[in-house]
Amino acid sequence: MSELNTHIGSRIRSYRKQRKLTLQQLADIIHKSRASVSKYETGEITLDIETLYEISRALDVSLYQLTDYQPQEETLPTCSSGRTQHSPFFQASQLYFYFYDGRYHRLKDGIIHIHKTEDPTGSCEASMSISSISPSGRSSGIHYTGKVVYSDMLIRFSFVNRYNALEEDLLYIFNPLELRDYTEGLLCGISSVDLMPCAFKCLVTLNPQETTEDLKKHLLFTGPELRRWQKMNMLLVNNRE
């Protein structure tokens, strides 16, 4: 069993679970047996390109999101100055983010996949999915592709909706001043619902978080923040705990 097969299989399993599909449901969509799909996910079977393409369509992801395997010895992404960063947020290949949409009184969460293949500009490819967390469970996701650029203090993601080029989202997060597994950020862009400019305070983490009331409280604007923004006439997010 090769590392590549195992990696692709784990990606298929992860995206299948995100889509709330059972093994049998995915098997029915791609016209394969449940046993075959199970072996795809464990890496026991090497997938041919046609089957891999059918799975990517069924899961609504790109082929790259399933095949983004890289050997462990590969170098880490570098910042724009070319200097390797040791912060876990610079090294991460996957990040989780959360924000609260007060229009619908719902927490929203997302996953960012960072593909560590640099282009000449010093940026890396990235993809993002966002879903709503409703009382009955997560709703269907919205999917974006784009790039990530690193600097000493900030990381900037720029994404475009795969099905609506007008909807471009920017996510700015801090490289934390101290070692911790979360950081604050600002998500801004065009709302996919009403096509209006919007911005959200967000939390970006190295590990998935439980969607609790404490998390919601952390994402709400506080009185001191509102007073500060009113005085300065601008929305700011800082890099303190």
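Only a predicted model underlies this, so the values are computations on that prediction, with no experimental measurement involved.
Between I112 and L171 there is a side-chain heavy-atom pair separated by less than 4.5 Å. Between R16 and L23, some side-chain heavy-atom pair lies under the 4.5 Å cut-off. Side-chain contact check for R19 versus V61: some heavy-atom pair is nearer than 4.5 Å. The side-chain heavy atoms of F200 and K108, taken from C-beta on, include no pair separated by under 4.5 Å.
Minimum heavy-atom separation, N5 to G43: CB-O, 3.4 Å. Taking each heavy atom of N207 and Q209 in turn, the nearest pair found is O-NE2, 2.8 Å. In plain terms, the two heavy atoms of L95 and F157 that are nearest each other are CD1-CZ, 3.9 Å. Heavy-atom minimum distance, Y98 versus L215: CD2-CD2, 3.9 Å. Closest approach of Y40 and I45 over heavy atoms only: CE2-CG2, 3.7 Å. Minimum interatomic distance between S62 and R162 (heavy atoms only, all atoms of both residues): N-NH1, 4.2 Å.
Using cut-offs of 30° and 60° on the angle between ring planes, the pair H218 and Y182 is perpendicular.
Separating the CZ atom in R13 from the CG atom in L59 is a distance of 13.0 Å, to the nearest 0.5 Å. Taken from OG1 in T183 to CZ in F174, the straight-line distance is 7.0 Å, to the nearest 0.5 Å. The line from OG of S38 to CG of L26 is 11.0 Å long, rounded to the nearest 0.5 Å. How far CD of E225 is from CG of L235: 8.5 Å, rounded to the nearest 0.5 Å. Atom NE2 in H143 sits 10.0 Å away from atom OG in S127 (nearest 0.5 Å). How far OH of Y100 is from OG1 of T211: 12.5 Å, rounded to the nearest 0.5 Å.
Cluster annotation: L206 and F90 are assigned to the same hydrophobic cluster (Ile/Leu/Val/Met/Phe/Trp/Tyr, side-chain heavy-atom contacts under 4.5 Å, transitive). By the criterion of side-chain heavy atoms lying less than 4.5 angstrom apart, applied directly or through intervening Ile, Leu, Val, Met, Phe, Trp or Tyr residues, L66 is grouped together with I30 in one hydrophobic cluster. Linking ILVMFWY residues whenever their side-chain heavy atoms come closer than 4.5 Å, directly or via other members, leaves L170 and I114 in distinct clusters. Under a hydrophobic-cluster definition in which Ile, Leu, Val, Met, Phe, Trp and Tyr are linked whenever side-chain heavy atoms come within less than 4.5 Å, directly or via other members, L107 and I111 are assigned to the same cluster. Cluster membership check: M232 shares its hydrophobic cluster with L186, using side-chain heavy-atom separations under 4.5 Å among Ile, Leu, Val, Met, Phe, Trp and Tyr.
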Could you walk me through whether E44 and T42 pass side-chain hydrogen bond (donor to acceptor under 3.5 Å, both in side chains), step by step?
CA-CA 6 Å; E44 296 177 60; T42 58; 2.8 Å; yes
Verify salt bridge (Lys or Arg N to Asp or Glu O under 4.0 Å) between K32 and E54, making sure each step is shown before the conclusion.
CA-CA 11 Å; K32 301 288 184 181; E54 289 300 318; over 6 Å; no
With side-chain contact (heavy atoms from CB on, under 4.5 Å) as the criterion, how do K201 and E184 come out once you've worked through the C-alpha distance, each side chain's angles and the decisive distance to 0.1 Å?
CA-CA 8 Å; K201 173 184 176 183; E184 305 285 352; 4.2 Å; yes
Walk me through it: do T205 and D181 pass the test side-chain contact (heavy atoms from CB on, under 4.5 Å)?
CA-CA 6 Å; T205 65; D181 63 358; 5.8 Å; no
Show your reasoning for whether side-chain contact (heavy atoms from CB on, under 4.5 Å) applies to Y15 and I55.
CA-CA 10 Å; Y15 286 117; I55 291 174; over 6 Å; no
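Residues that satisfy the side chain to side chain contact (heavy atoms under 4.5 Å, CB included) test with P224, not counting sequence neighbours, are T222, R227.
The local environment of OH in Y104 is crowded, with over 12 non-hydrogen atoms from other residues, nucleotides or ligands closer than 6.0 Å.
When the options D109, L187, V204, L203 are evaluated for a side-chain contact (heavy atoms from CB on, under 4.5 Å) with F99, the one that passes is L187.
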